[in-house]
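Every heavy atom of this structure was used, including side-chain atoms; hydrogens, water molecules and symmetry mates were not. Proteins get letters first, then strands, A, B, ... in listed order; numbering begins at 1 in each. Not measured: the values here are computed from a predicted model.
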2 protein chains.
Amino acid sequence: MDVVNIFLTSELGEGLEDFVHDQRRFTFDRLGAEGPKRLVEGPMWAFVDWVMPDLAGLEMCRRLRADPRTAEAHVTMVLEEDDPEDRRRALRAGADDYVIGPLTRTAVLDRVLALQSRTSERQATRRLELGALTIDMAALQARWNEVPVVLRPNEFRLLRFLAENPNRVLTREDLIAGLGKREPPIDERTVDVWVGRLRRAIKAAGGGNPLRTVRSLGYVFDLT
Amino acid sequence: MDVVNIFLTSELGEGLEDFVHDQRRFTFDRLGAEGPKRLVEGPMWAFVDWVMPDLAGLEMCRRLRADPRTAEAHVTMVLEEDDPEDRRRALRAGADDYVIGPLTRTAVLDRVLALQSRTSERQATRRLELGALTIDMAALQARWNEVPVVLRPNEFRLLRFLAENPNRVLTREDLIAGLGKREPPIDERTVDVWVGRLRRAIKAAGGGNPLRTVRSLGYVFDLT
DNA sequence: CAGGTGTGTGACGCGTTTGTGACTGGATTT
DNA sequence: AAATCCAGTCACAAACGCGTCACACACCTG
């Protein structure tokens, strides 16, 4: 299910809790002066209160824009009343949008659903998630439960290819071809060594063994 | 309505007047040896003539870059003919771009519209914050925990480009293109030297090493 | 013109990666 | 049970890719 990450500042959305609507899970997270507590992937929405205890809402806007983790977030400013001058300043500080408070579940839904289609195009970052394992194609990095798996180039290619065809037996021939090795022709037994090395790397990161051997045929990436 | 501020040198664009196109107002302003007459906000384009009565166009480029008011402007050099040597020198002097003159309303439109999306992103983030590292686009300065990192121009451009695409493997080709180097074609191995120099500079400021090498592919700016 | 700075390049050396053959032990077949 | 097959693992050599250095050249400054 798609997850919509929503960041809130200070006491905004006091009564708001995670909820599910229309195939989407809305999760709420506190947003402090240091930015988001945890790093999330996918579309992000931030609702910034105009008045904050220790930091002006405008400054928070600028910080969100300056931080690459949240630079792509859709920032909505929550105003107490409809002051044209404040709206202008909010937009200039980097907000995409504004609502007149207080923030309610309905207000959040309206904003997010109205704009989701537009924003979802942005997140082109390719990424595979298979159980505890996530593979970030852009960063060329794999993680097992957030623990980085240190992989050599060939191992990464192998993992990627296996993960892209889960629950399907891939012969050694498939794997050699899938990694684009032709010259010189690779001995099929070499694949065994590749798999061994990959397994060891995942294990070193505290992971399990998602790679199952199918005797006399090849290997499978077992999903769940 | 969005305003696009365009600066012109000397007799360039003699017949050009303010006009409106596609929801944008284009305003033209003279650019003298002392820089722009008035201070403006928002995106700026400067068209610099190669030949000027009292000042060489190249020198004008450098001044624009040195002046914090115009350092972020998009500078287009206007050449009379397509001389590769002149192009090279124009780019080296700080120009982002060039056209073969004379300057017409159409040429201005084309340049500005083609590049606006890219540049407007840049304008939005005058400052990047990535963990201990902050990059000040306006001051052309980077700091690691408030300690200035002394960078040469090329190193700054490299750091900036890497930091603008964090957690993404950038090939040497990407980096060369990202720094806008085309003429003459740059040897890919030179990128290694750039990275080495950049790393050393960050280290000299007491910083860590946010630049990860991805063997046989390129480099990544690792966030967190 | 001399001195200084910034930058691209070729070359060298070292650590890493990787394909392979050999050995081992478990599984399968006869 | 013996014979056979097959996959896991190790050690090793060759190839590869990267970091670094010194140098040349262009440019700027005085």
Side-chain angles (χ1 to χ4, degrees), chain A residues 140 149-159 161-162 169-173 175-177 179-204 209 211-220, chain B residues 55-63 65-66 84-95 140 149-159 161 169-173 175-177 179-204 209 211-220:
Chain A
L140 277 274
V149 182
V150 293
L151 296 173
R152 285 174 278 208
N154 206 44
E155 287 154 27
F156 187 88
R157 265 175 263 143
L158 177 64
L159 176 60
F161 188 65
L162 281 160
V169 180
L170 297 169
T171 66
R172 293 176 174 75
E173 196 183 343
L175 293 169
I176 291 170
L179 303 209
K181 311 237 180 188
R182 315 224 147 195
E183 307 292 332
I186 297 285
D187 188 321
E188 296 209 342
R189 285 308 312 288
T190 300
V191 176
D192 297 7
V193 183
W194 293 350
V195 173
R197 285 171 180 159
L198 177 52
R199 281 181 176 144
R200 195 193 310 170
I202 296 176
K203 196 173 185 178
N209 178 21
L211 274 38
R212 181 162 51 91
T213 305
V214 181
R215 195 183 165 85
S216 81
L217 277 178
Y219 298 91
V220 208
Chain B
L55 185 68
L58 290 177
E59 180 58 22
M60 173 59 95
C61 266
R62 291 192 199 94
R63 291 200 188 185
R65 282 283 172 255
E85 181 58 20
D86 284 354
R87 287 195 323 223
R88 229 163 54 82
R89 287 203 274 175
L91 297 180
R92 210 158 36 197
L140 297 184
V149 182
V150 292
L151 294 173
R152 284 172 280 209
N154 202 45
E155 287 154 26
F156 185 86
R157 265 176 264 145
L158 177 64
L159 176 60
F161 188 65
V169 177
L170 298 170
T171 65
R172 295 176 173 75
E173 198 185 343
L175 292 169
I176 291 170
L179 303 208
K181 312 237 180 187
R182 312 216 150 205
E183 308 291 335
I186 298 284
D187 188 318
E188 296 208 341
R189 290 291 270 101
T190 299
V191 176
D192 298 6
V193 183
W194 294 350
V195 172
R197 285 171 181 160
L198 176 52
R199 281 183 175 144
R200 195 191 312 171
I202 296 176
K203 196 173 185 180
N209 177 21
L211 274 38
R212 174 165 55 96
T213 304
V214 180
R215 188 174 233 264
S216 81
L217 280 176
Y219 298 91
V220 207

Colleague: Could you check B/N154 against B/R152 for side chain to side chain contact (heavy atoms under 4.5 Å, CB included), going step by step and ending with a plain yes or no?
Modeller: CA-CA 6 Å; B/N154 202 45; B/R152 284 172 280 209; 5.7 Å; no
Colleague: Reckon A/T213 has a side-chain N or O less than 4.0 Å from the OP1 or OP2 of D/dG8?
Modeller: yes
Colleague: C/dT16 phosphate, OP1 or OP2: any side-chain N/O from A/N154 under 4.0 angstrom?
Modeller: no
Colleague: Of the nucleotides C/dT18, C/dG8, C/dT7, which one has an atom closest to the side chain of A/R157?
Modeller: C/dT18
Colleague: Taking only side-chain N and O atoms of A/Y219, does any of them lie within less than 4.0 angstrom of OP1 or OP2 on D/dC6?
Modeller: no
Colleague: Contact class for B/S216 (heavy atom, under 4.0 Å): base, sugar-phosphate, or nothing?
Modeller: sugar-phosphate
Colleague: For A/R172, which residues count as a salt bridge (charged side-chain N to carboxylate O under 4.0 Å, His left out) partner, sequence neighbours excluded?
Modeller: A/D192
Colleague: Take the protein atom CD of B/E155 and the nucleotide atom C1' of C/dG6, then report the distance between them rounded to whole Å.
Modeller: 9 Å
Colleague: Is the phosphate of C/dG8, meaning OP1 or OP2, less than 4.0 Å from a side-chain N or O of B/W194?
Modeller: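 For C/dG8, OP1/OP2 do have a side-chain N/O of B/W194 under 4.0 Å.
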Colleague: So, the side chain of A/R199 versus the backbone of A/L211: is there a donor-acceptor pair under 3.5 Å, distance only?
Modeller: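 A pair under 3.5 Å: yes.
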Colleague: Please report the shortest heavy-atom distance between A/D187 and A/I176, naming the atom on each side.
Modeller: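 Taking A/D187 first and A/I176 second, the nearest heavy atoms are O-CD1, 4.3 Å.
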Colleague: Determine whether A/L162 and A/L175 make a side-chain contact, defined as any pair of heavy atoms from C-beta on separated by less than 4.5 Å.
Modeller: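 A side-chain contact exists here, since the closest heavy-atom pair is under 4.5 Å.
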Colleague: Dump the intermediate steps for side chain to side chain contact (heavy atoms under 4.5 Å, CB included) on B/V220 and A/L140, then the final yes or no.
Modeller: CA-CA 9 Å; B/V220 207; A/L140 277 274; over 6 Å; no
Colleague: Looking for any heavy atom pair under 4.0 Å, which part of the strands does B/T190 touch: base, sugar-phosphate only, or nothing?
Modeller: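 Base contact.
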Colleague: Tell me: CG of B/L158 to C1' of C/dG8, nearest whole Å?
Modeller: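 For the pair B/L158 CG and C/dG8 C1', the rounded distance is 14 Å.
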Colleague: Taking all atoms of both residues into account, what is the closest heavy-atom pair of A/W194 and A/L158, and its distance?
Modeller: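 Result for this residue pair: CB-CD2, 3.7 Å.
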Colleague: What's the CG-P distance between A/D187 and C/dT20, to the nearest Å?
Modeller: 5 Å
Colleague: Mind checking if B/V193 touches a base, just sugar-phosphate, or nothing, with heavy atoms under 4.0 Å?
Modeller: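 Since a base atom lies under 4.0 Å of B/V193, the category is base.
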Colleague: Reckon A/R172 has a side-chain N or O less than 4.0 Å from the OP1 or OP2 of D/dA7?
Modeller: yes
Colleague: Round to a whole Å and report the spacing from CZ of A/R212 to C1' of D/dC6.
Modeller: 17 Å
Colleague: Report the C-alpha separation of A/L198 and A/L151 in whole Å, then their side-chain angles, then the decisive distance to 0.1 Å, and conclude whether the side chain to side chain contact (heavy atoms under 4.5 Å, CB included) test is met.
Modeller: CA-CA 7 Å; A/L198 177 52; A/L151 296 173; 3.6 Å; yes
Colleague: Which whole-number value in Å describes the distance from A/E188 CD to D/dC5 P?
Modeller: 16 Å
Colleague: What is the distance, to the nearest angstrom, from the CG atom on A/N209 to the C1' atom on D/dA7?
Modeller: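 From A/N209 CG to D/dA7 C1': 13 Å.
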Colleague: Provide the closest heavy-atom pair for A/G218 versus A/V169 in the form atom of the first, atom of the second, distance.
Modeller: N-CG1, 4.2 Å
Colleague: Please confirm whether the shortest side-chain N or O distance from B/R152 to OP1 or OP2 of C/dT5 is below 4.0 Å.
Modeller: no
Colleague: Look at all strands and tell whether B/R197 reaches a base, only sugar-phosphate, or nothing, counting heavy atoms closer than 4.0 Å.
Modeller: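 Touches a base.
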Colleague: What does the B/S/- profile of nucleotides 23-30 of chain C look like, 5' to 3', with a 4.0 Å heavy-atom cutoff to protein?
Modeller: ---BBS--
Colleague: Do B/V193 and B/R197 come within less than 4.5 Å of each other through their side chains, counting heavy atoms only?
Modeller: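 A side-chain contact exists here, since the closest heavy-atom pair is under 4.5 Å.
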Colleague: Describe, as an angle rounded to 10 degrees, how the axis at the first end of the helix from C/dC1-D/dG30 to C/dT30-D/dA1 is tilted relative to the axis at the last end, five pairs per end.
Modeller: 20°
Colleague: Can you check the B/L211 CG to D/dT20 C1' distance for me, whole Å?
Modeller: 16 Å
Colleague: Nearest whole Å is fine: how far is D/dG8 C1' from A/R200 CZ?
Modeller: 10 Å
